[in-house]
2 protein chains.
Amino acid sequence: MPDVPSAHPITLGPVTNDFPEGADSKRRGRATLKDVAHRAGVSVPTVSRVIAGNYPVALSTKRRVEKALRELDYVANTHARALRGHGAGTVALVLQDVRGEAFAQFAHGIEEEASRRGRLCLLCVSGGDPDRELQAVHLMRQQGAEAVIVIGGVVDDEAYRRRMSEIARSLDQAGSRLVLCGRPPLGEGVPVTVVEYDNEGGAYAVTSRLLAAGHRRILLFGGDVAHTTSAQRFAGYRRALTDYGVPYEKDLVVKAAFDRGDAYLRMRERLAAARDFTSVFALTDVVAAGALRALTEAGLQVPGDVSLVGYDDVPPATDLRPLLTTVHVPYEDMGRTAVRLALDHRGDSGRVAGEGHVLLGTHVVVRDSVAPPPPAGTA
Amino acid sequence: MPDVPSAHPITLGPVTNDFPEGADSKRRGRATLKDVAHRAGVSVPTVSRVIAGNYPVALSTKRRVEKALRELDYVANTHARALRGHGAGTVALVLQDVRGEAFAQFAHGIEEEASRRGRLCLLCVSGGDPDRELQAVHLMRQQGAEAVIVIGGVVDDEAYRRRMSEIARSLDQAGSRLVLCGRPPLGEGVPVTVVEYDNEGGAYAVTSRLLAAGHRRILLFGGDVAHTTSAQRFAGYRRALTDYGVPYEKDLVVKAAFDRGDAYLRMRERLAAARDFTSVFALTDVVAAGALRALTEAGLQVPGDVSLVGYDDVPPATDLRPLLTTVHVPYEDMGRTAVRLALDHRGDSGRVAGEGHVLLGTHVVVRDSVAPPPPAGTA
DNA sequence: TATGGCTTAGTTATCGTTTTCTATCGCCTG
DNA sequence: CAGGCGATAGAAAACGATAACTAAGCCATA
């Protein structure tokens, strides 16, 4: 019987055995290839082949299988698939906090590029804790992620480098790839892809802009130099100072967490202590928002009395009045680039650090928060 | 030889065969249990038992295995594990856009609760496209996610309900759970968990506040009533109007996308057409930000000339001047709740819609953007 | 009419892990 | 001293899917 149209699910003589696991409408768990094969009266690989479409199957058989597939609402099991060959097709993503605008942009870029390439995204939040970050990467490794992308700065000590390098090698050996995004490389010979932005350059550029406007006392506000992101911005600030022949003053550096609340508080404290600056370089836009509030509440005009610049160029920066002059960072681009590099180069383990090292440009976005310092010295 | 301390990786007579796949330092791919077992001179299950720790293993054996584990940098294969029993321990997350503050808060709550329970998060972005959303859910189903959480409103038509209901049933049958977050249920008998917030109530409350301040011409600004989130807020607005005996006017409803740019443009258009309102109910804080900019640029004082309220109470709302009166929505809580409900109730398929339906409260956050309408009628 | 090739399907092995199920040893108890 | 039990370890099966073989028809060609 080569081509029975099968009005009923085909029934082959006494071999029928149509209810091996009961009326299968009440099956617990999802239908497997076996269930489908059984219902269609074919073998398991045949069903697999109908699905994959990479092998000739008679039209009548194909139709029968497709019917069974539909009736049983078959859904493939990714794990079994991943086990048998090609990885799981996932890209992992480790960041501090999804709620940060910059991180969200990163994540968006990554997700976009990943899904464009048919990959799924695994998300892990570290809360900025290095241990949790390492743990997260370990989890991702278990998942067989094709790439593990770690986003954002870090407190860069010896222990971190050692452990992350180990992980990089382990990932590399497993055919996966560690990508550091917005974070410096780990050193020679460590198999890592690095996607950075010109952080120091951006900081240099905004600081220069303040200096060019005539400011000499620029408060560096926010962050903590132990953190790579802050450190690089700090470096740009210092270099600009040097180039303008302005001496660096330790008292003009004020720490603050990267959130509105803490920034507001710290700026208020600083203002209470001394008003000995004519401008503020806030290390992020969010910090700038908090600072702006404190400045305004203290009766200072921005930019009339005090100029203010930020960093990141996140959308809410356009809510501030005056509109904030800031540094644009191509976060989404970086995310996309990270995925692209990781997926394209994956596997050719001949690579070492340096080959997969990209540096994206930043630029100052000039808006309304910078003016020349007030004539006398409002301090 | 019961207890050899094994200075060297144990060597058993002629059976040694220590290099079956070459000097294994150069193995491609990750080390498997087999590799470890081989190196430790034990069987595969023994290694598995050492790792799981759920079966007695002689101390000397255990030590030997642990050494091999370390030396080979063994990492378990989640897929194999997931295949052989318990699921993969993942929770899936489908949302429109990570960059939205509200979504990000959702995601944060979900990630937090999920990782607290030892689950990993799968992230999918739909871009607000129903087809991509369905497709995403399908992918998650393949992954065997323990819960699939879909976040945010939707254009609620017949096709959507039918297809989502199917998916809900399919997920349920597979021992998983569909959770609708910030989105209405699908109807009787559909196995879905729903976590909503009192959207209509919040809208009623803010609108009432404007009415109580004396406003009679309130512009409902942003969104599109086809979308459930907008529709509910619109309903609250109308109910408040009714309760205050204020007639509803179609001309006071203006559509706008949920982003600053479009909101700014639409408000500018509306102001150019007619200034026939004394207050604005922006459907989200971001829309309020765009509206505020247009209002200010048009020379209107907020709240002196026009009062403004928002919805969502996201952090950047505190950047606006005046500080925005808005409605607080417990997004993070909702995320946590979604995970909790899905994971706790999972499996007892006796449930139907209704049991897993939670409604979280909202409340107005009073700040500085509402005042009585100007005496004459600045319109 | 034999031979070979094409088409189609089924068999078998495999991925890495966990879970039975067996088997061996030593020792205790009656 | 035999029966049995606790401790330990290996062997075998299973999870679901796929790829590599193998086999059975059938047609065409020599």
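Letters go in sequence order (proteins before strands), and every chain restarts at 1. What's counted below: heavy atoms across the whole structure, side chains too, no hydrogens, waters or symmetry copies.
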Worksheet item: OP1, OP2 of C:dG10 versus side-chain N and O of A:Thr46: anything below 4.0 Å?
Response: yes
Item to complete: Calculate the interatomic distance between A:Arg63 atom CZ and C:dA9 atom P; express it in whole Å.
Response: 13 Å
Response to the item:
A:Arg81 atom CZ is separated from C:dT14 atom C1', nearest whole Å, by 17 Å
Worksheet item: Atom CD1 of B:Ile51 and atom P of C:dT19: how far apart are they, to the nearest Å?
Response: 12 Å
Let me have the donor-acceptor pairs involving side chains of residues 44-53 of chain B, under 3.5 Å, with sequence neighbours excluded, atom names and distances please.
from, atom 1, to, atom 2, distance (Å)
B:Thr46, OG1, B:Ser43, OG, 3.1

Item to complete: Using only heavy-atom distances, decide whether a donor-acceptor pair under 3.5 angstrom links the side-chain of A:Arg84 to the base of C:dT14.
Response: yes
Practice prompt. Using whole Å, report how far CG of A:Asn77 lies from P of C:dG16.
Written response: 16 Å
Response to the item:
Distance col, row B:Ile149:CD1 vs B:Cys124:SG, nearest 0.5 angstrom, shows 13.5 Å
Practice prompt. Find the distance between CG (B:Leu134) and CG (B:Leu139) and round it off to the nearest 0.5 Å.
Written response: 11.5 Å
Fill in: A:Leu83 CG to B:Arg81 CZ distance, which is reported to the nearest 0.5 Å
13.0 Å
Protein-nucleotides 21-26 of chain C N/O pairs under 3.5 Å:
none

Worksheet entry | Partners meeting side chain to side chain donor-acceptor pair (under 3.5 Å) with A:Arg161 (sequence neighbours left out) | A:Asp156
Response to the item:
Between A:Leu59 and B:Ala76, the residue closer to the 5' end of DNA chain C by nearest nucleotide is A:Leu59
Discussion item. Any base atoms under 4.0 Å from B:Ala82, or only sugar-phosphate, or nothing? Heavy atoms, all strands.
Written reply: nothing
Fill in: Nearest-nucleotide comparison on DNA chain C, the residue closer to the 5′ end among B:Ala80 and B:Pro45
B:Ala80
Item to complete: Go through the structure and list residues passing side-chain contact (heavy atoms from CB on, under 4.5 Å) with B:Leu122, not counting sequence neighbours.
Response: A:Leu120, A:Leu122, B:Thr90, B:Ala92, B:Met140, B:Gln143
Worksheet entry | Outermost nucleotides of DNA chain D that come under 4.0 Å of a non-hydrogen atom of chain A | D:dG16 to D:dA20
Item to complete: Specify the separation, in whole Å, of atom CG of A:Asn54 and atom P of C:dT7.
Response: 15 Å
Worksheet item: Over how many whole Å does the gap from A:Lys62 atom NZ to C:dA9 atom P extend?
Response: 12 Å
Worksheet item: So which pairs with a foot in residues 59-81 of chain B pass ring-ring contact (aromatic ring centres under 6.0 Å, His included), sequence neighbours left out?
Response: A:His79-B:His79
Worksheet item: For A:Glu113, what residues pass the side-chain contact (heavy atoms from CB on, under 4.5 Å) criterion, not counting sequence neighbours?
Response: A:Arg116, A:Arg117, A:Arg336, A:Val339, A:Arg340
Practice prompt. Using whole Å, report how far NE2 of A:His79 lies from P of C:dG16.
Written response: 16 Å
Worksheet, complete the sentence: Sequence neighbours excluded, the answer for salt bridge (Lys or Arg N to Asp or Glu O under 4.0 Å) partners of B:Arg141 is A:Asp73
Response to the item:
A:Glu111 meets the salt bridge (Lys or Arg N to Asp or Glu O under 4.0 Å) criterion, sequence neighbours left out, with none
Discussion item. I'd like to check the side chain to side chain donor-acceptor pair (under 3.5 Å) partners of A:Asp129; sequence neighbours left out, ordered by chain and number.
Written reply: none
Worksheet entry | B:Arg162: partners by salt bridge (Lys or Arg N to Asp or Glu O under 4.0 Å), with sequence neighbours left out | none
Worksheet item: At what angle, to 10 degrees, do the two end axes of the helix from C:dT1-D:dA30 to C:dG30-D:dC1 meet, given five pairs define each axis?
Response: 60°
Worksheet item: Can you check whether B:Thr32 has a side-chain N or O nearer than 4.0 Å to OP1 or OP2 of C:dG16?
Response: no
Item to complete: Mind checking B:Val44 for me? I need base, sugar-phosphate or nothing, with any heavy atom below 4.0 Å counting as a touch.
Response: base
